[in-house]
Amino acid sequence: MVFDLKEKMVKTITTLFKSVCYILFLLSLVVALIVFAIKDYASNGITKGFTKELVSLGRNFANELRTDVKLIKNDMRKDTKNSTSIEVVLRRFLNQKSIDENLKKELQSIEEYTVDNPFIVVNPYGVSPLTALMFFYTEEPSVVTLKICGAIEEESIVHTFDKQGYTKEHILPLYGLYPNKNNKIVVKTRNEHGVEKLKDIDVVTEPLDAIFNDINLVIYANDYKKYQPGLNFTYGALDGLGLKMAFDISGNIRWCFNDLGNADPTNYVDGKCVYRTFGGYSSGDAIITKESFLGKIEAMYYIPNGIHHELFLTDDETMIVGTNHTETVQDLAFEIHLNTGNVVRSIDFRNLLPRARYVGSYHHKKDDWAHINSVVKINDDYIFSSNFQSAVGRCASNGSLKWLLSDSQGYPMFWRERLLKPIGENFEYPYNQHAIEVLPDYDNNTETIDLLLFDNGNSRNVMSSVLQNKDTVNKAPQLYSRMAHYRVNEKNMTVECIWEYGSNRYELYSPTRGDADLMPNGNILGCFTTDGVSKDDKRYCETIYSEVDRNGNVIWECYATNNKESNRYIDYRIERIPIYNSENEYMNVFEVSKNLVPEEVWSKYGFESK
């Protein structure tokens, strides 16, 4: 009996031991599989380096912005001073300090991250959902090339980080991701001996905010070989809201900010960064921000009486902004130093143009008599566009007027002496024009200056003596808008039209907005907004982006609409630029952002700037 009991106990213990071993084996197998999965996932750059604190900060700010966007929309409808958007941007500036501190902590451990196991965080500042920041360490100094793989090859974005050069520490912004997608990124490292290594990395993005679902971009003309490479950066869309976004050759949105600023005073500075504005337009406090494509505010400026239409960056470390007097609006410009925020020069258009000249279709109010919509700097002079006066002029830094390109109708004697004399057959003046651009010296003549502009043409039938003398069968000729290249001979005081496009495309008529840009390949990119077209007793506003060559051939064209019933897709300008360049390929998270907003403005909106 004793031996039987012992035998049973041994068998029981043996069975239990085997069971425990089997369970331990299964557990070790599960653990191994989990570890393998985590390593594989991390090697694709999805989770490694995702500090919970940093991701939480970015997501919290993004959620705050979704609420802020709704408030800003309502504020825009109620008040031109738009105080809500100022509160939003001031809060963003303060919040990003916490994000920078967390990024600095991760950078202190950069040697732990390799190209096989990089640090990646998508939308680090909560406002730019189609970007990410990646960094890693290489044992040998190497230069990196990134390829954001497109759905087709023409949509791919490739950049070599030559400015960073051969280095062991690589801090790389990822621009041009697709929304709601597992984006494939090809990373190529090349050491100083020419040895290259390739690594595929996946970066997952979330869907864009609902407001972007209302945008409909249809490409109906596309010559891939002649298309000027780059993304198409917009100024505003959807009922005039200041959406900043960029879309590719096929109409895919590849970059955007998910907050709202003002629509038109914007400058993408050839892709180096983004200057945009918040707050007052014709009056009230206004804030100008300089931001990276990642969404970090790098500098912030203050304008006390609104900012409208123009924000032009000069070669003198200054910017020119349109602003307002108290009793009159949109007839003043400031030149502001970028390092100090101080006004270095004011341009008062009340001293340059006749306020008593009432001409054309858009001169309705005595306070908004000039409607200055474009000011650019050339040498130490300024070339400007007055929409309501249908005038383009050049003035010196001392305020003296040099010449005017304008229909002579209604000018007193002083200004008549400064009007350019038109030459050439069938010359047409610009009317209610926008977007002055100084072109290269096409004729190698120092006495001439070439200008590109968008001629809206709204007042053409009212003011043009050429059209009024035509036999129009008892009805006004159909209006049209055009992109036009003028050449001014400043010595002879003459002007001729060298090239134009749009006069035979009446469907592109754009009464209130428009743009024309010369691109590096010689093509011209235009923005035509058919604002005010009446269909079914409703106002429909649509935008056509058109790239043409000098022979008038359409290279690429995009039809942009709003999917909502209002169908108001209103853009102000368009820029075709590469999203990568030597100026924006490196992000220095240790650089302190510049706050040039006065302390009393911070206090006014309930914040402390420090």
Side-chain angles (χ1 to χ4, degrees), residues 211-212 214-222 232-243 245 247 251 253 263-264 266 309 360-362 364 371 373-374 385 387-388 390 428 430-435 452-464 467 475-484 500-517 524-548 552 554-576:
I211 191 172
F212 291 95
D214 296 325
I215 296 173
N216 186 33
L217 301 168
V218 178
I219 311 298
Y220 56 93
N222 202 342
N232 301 285
F233 287 79
T234 70
Y235 279 54
L238 301 181
D239 292 312
L241 298 176
L243 286 178
M245 68 175 192
F247 61 93
I253 297 176
D264 39 349
T266 303
H309 288 95
S361 303
Y362 275 142
H364 304 302
H371 209 81
N373 59 24
S374 186
S385 163
N387 182 289
F388 287 0
S390 290
E428 290 188 58
Y431 296 97
N432 308 110
Q433 69 290 321
H434 284 78
L452 182 67
L453 56 80
F454 189 89
D455 174 16
N456 295 79
N458 187 271
S459 299
R460 199 182 314 276
N461 286 356
V462 180
M463 297 180 65
S464 173
L467 290 179
K475 67 177 181 180
Q478 192 166 355
L479 289 171
Y480 54 86
S481 300
R482 61 193 184 124
M483 302 183 288
E500 63 91 16
Y501 177 84
S503 59
N504 61 344
R505 292 191 63 182
Y506 301 114
E507 77 277 12
L508 298 181
Y509 172 56
S510 309
T512 61
R513 296 166 179 83
D515 190 23
D517 291 339
I524 309 293
L525 179 64
C527 174
F528 297 81
T529 297
T530 59
D531 183 13
V533 176
S534 177
K535 300 176 182 177
D536 303 327
D537 297 324
K538 296 179 182 179
R539 290 194 68 190
Y540 287 72
C541 302
E542 302 156 346
T543 296
I544 298 91
Y545 305 109
S546 185
E547 177 183 356
V548 300
V554 176
I555 304 301
W556 173 89
E557 204 155 84
C558 174
Y559 183 57
T561 63
N562 182 346
N563 288 328
K564 285 190 173 180
E565 185 182 1
S566 64
N567 194 18
R568 288 175 58 83
Y569 183 105
I570 306 171
D571 209 351
Y572 183 66
R573 290 183 181 176
I574 182 77
E575 294 183 40
R576 172 85 55 75

When rounded to the nearest 0.5 angstrom, what is the spacing between [atom1] in [X] and [atom2] in [Y]?
| X | Y | atom1 | atom2 | result |
| --- | --- | --- | --- | --- |
| Cys527 | Ile570 | SG | CD1 | 11.0 Å |
| Asp264 | Asn373 | CG | CG | 9.0 Å |
| Ile524 | Arg576 | CD1 | CZ | 12.0 Å |
| Thr543 | Phe528 | OG1 | CZ | 11.0 Å |
| Gln433 | Asn456 | CD | CG | 7.5 Å |
| Leu525 | Asn232 | CG | CG | 6.5 Å |

Between the side chain of Asn432 and the main-chain N/O of Asn387, is any donor-acceptor distance below 3.5 Å?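 Yes, the answer is positive, given that a donor and an acceptor are paired below the 3.5 Å cut-off.
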Any donor-acceptor pair under 3.5 Å linking the side chain of Asn562 with the backbone of Lys564?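 Looks like yes, one N/O pair under 3.5 Å.
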Answer with yes or no whether the side chains of Thr529 and Ser510 bring together a donor and an acceptor at under 3.5 Å.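 No, no side-chain donor-acceptor contact under 3.5 Å.
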Any side-chain donor-acceptor pair under 3.5 Å between His371 and His309?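 Yes.
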In a check of side-chain hydrogen bond (donor to acceptor under 3.5 Å, both in side chains) between Tyr545 and each of Asp571, Thr234, Asp515, which one passes?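 Exactly one option meets the side-chain hydrogen bond (donor to acceptor under 3.5 Å, both in side chains) with Tyr545, and it is Asp571.
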As a quick check of understanding, evaluate side chain to side chain contact (heavy atoms under 4.5 Å, CB included) for Tyr569 and Asn216, giving each step before the final call. CA-CA 9 Å; Tyr569 183 105; Asn216 186 33; over 6 Å; no
Looking at [X] and [Y], what are the two nearest heavy atoms and their distance?
| X | Y | result |
| --- | --- | --- |
| Tyr501 | Gly552 | CE1-O, 3.5 Å |
| Gly514 | Ala435 | O-CB, 4.0 Å |
| Tyr509 | Asn458 | OH-ND2, 2.6 Å |
| Arg513 | Phe454 | O-CE2, 3.5 Å |
| Gly526 | Met483 | CA-SD, 3.4 Å |

Just jot down the side-chain hydrogen bond (donor to acceptor under 3.5 Å, both in side chains) partners of Arg482, sequence neighbours excluded, or say none.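 Scan of Arg482 (side-chain hydrogen bond (donor to acceptor under 3.5 Å, both in side chains), adjacent residues dropped) gives Asp455, Tyr486.
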Taking only residues two or more places apart in sequence, or in another chain, which ones meet Tyr220 in a side-chain hydrogen bond (donor to acceptor under 3.5 Å, both in side chains)?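 Per chain and number, Tyr220 pairs via side-chain hydrogen bond (donor to acceptor under 3.5 Å, both in side chains) with Glu557.
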So Arg460 and Tyr480, do their side chains get closer than 4.5 Å, heavy atoms only? yes
Please examine the side chains of Leu479 and Tyr431, heavy atoms only from C-beta on, and report whether any two atoms are closer than 4.5 Å. no
